[in-house]
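The structure appears right after this line, and notes come after that.
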Amino acid sequence: MTAVGWRIEVDREACIGSGMCAALAPDLFVLGGTRAEAVLPETDPEERVLDAADSCPVLAIRVSGPEGVVGPRP
């Protein structure tokens with residue numbers, strides 16, 4: 001991860017497979033069976049990553065960076 005990179009974690013136990021994240025950012029999230037997963041565990045900071053985390057109905061996506069957890073946003 002670069003110094004300004006973000007780490008994406010999907011709690012597959014909590015995920016209900018709504019597909020909101022994959023619809024918002026198909027290059028970052030896919031549905032693996034009935035649950036979402038990150039295509040890559042790390043990415044450059046961008047609004048779409050936070051939008052995907054914010055849109056998860058069960059808040060199963062956590063985005064963190066050097067400053068700590070940045071998403072989902074309150």
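Just so it is clear, the model here is predicted, and its values are computed rather than measured.
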For the student: nearest non-hydrogen atoms of [X] and [Y], plus distance:
X	Y	result
C15	G17	SG-N, 3.3 Å
E67	W6	OE2-NE1, 3.8 Å
F29	A52	CE1-CB, 3.6 Å
P72	A53	CB-O, 3.7 Å
C21	S55	N-OG, 4.3 Å
V10	A38	CG2-N, 4.0 Å

Indicate if [X] and [Y] have the same hydrophobic cluster label, given that clusters are the connected sets of ILVMFWY residues with side-chain heavy-atom separations under 4.5 angstrom.
X	Y	answer
L40	V30	yes
V70	V49	yes
M20	I8	no
L28	I61	yes

- Message: Going by salt bridge (Lys or Arg N to Asp or Glu O under 4.0 Å), name the residues that satisfy it together with D51, two or more places apart in sequence or in a different chain.
- Response: R73
Can you measure from [atom1] ([X]) to [atom2] ([Y]) and round to the nearest 0.5 angstrom?
X	Y	atom1	atom2	result
E9	E37	CD	CD	14.0 Å
L59	D11	CG	CG	10.5 Å
R62	R7	CZ	CZ	9.5 Å
L31	S18	CG	OG	8.0 Å

- Message: Has R35 got a side-chain atom pairing as donor or acceptor with E13's backbone, closer than 3.5 angstrom?
- Response: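 No: the side chain of R35 does not pair with the backbone of E13.
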- Message: Could you go through R48 and L24, starting from their C-alpha distance and side-chain angles, then the distance that decides it, and tell me whether this counts as side-chain contact (heavy atoms from CB on, under 4.5 Å)?
- Response: CA-CA 7 Å; R48 290 180 319 127; L24 287 168; over 6 Å; no
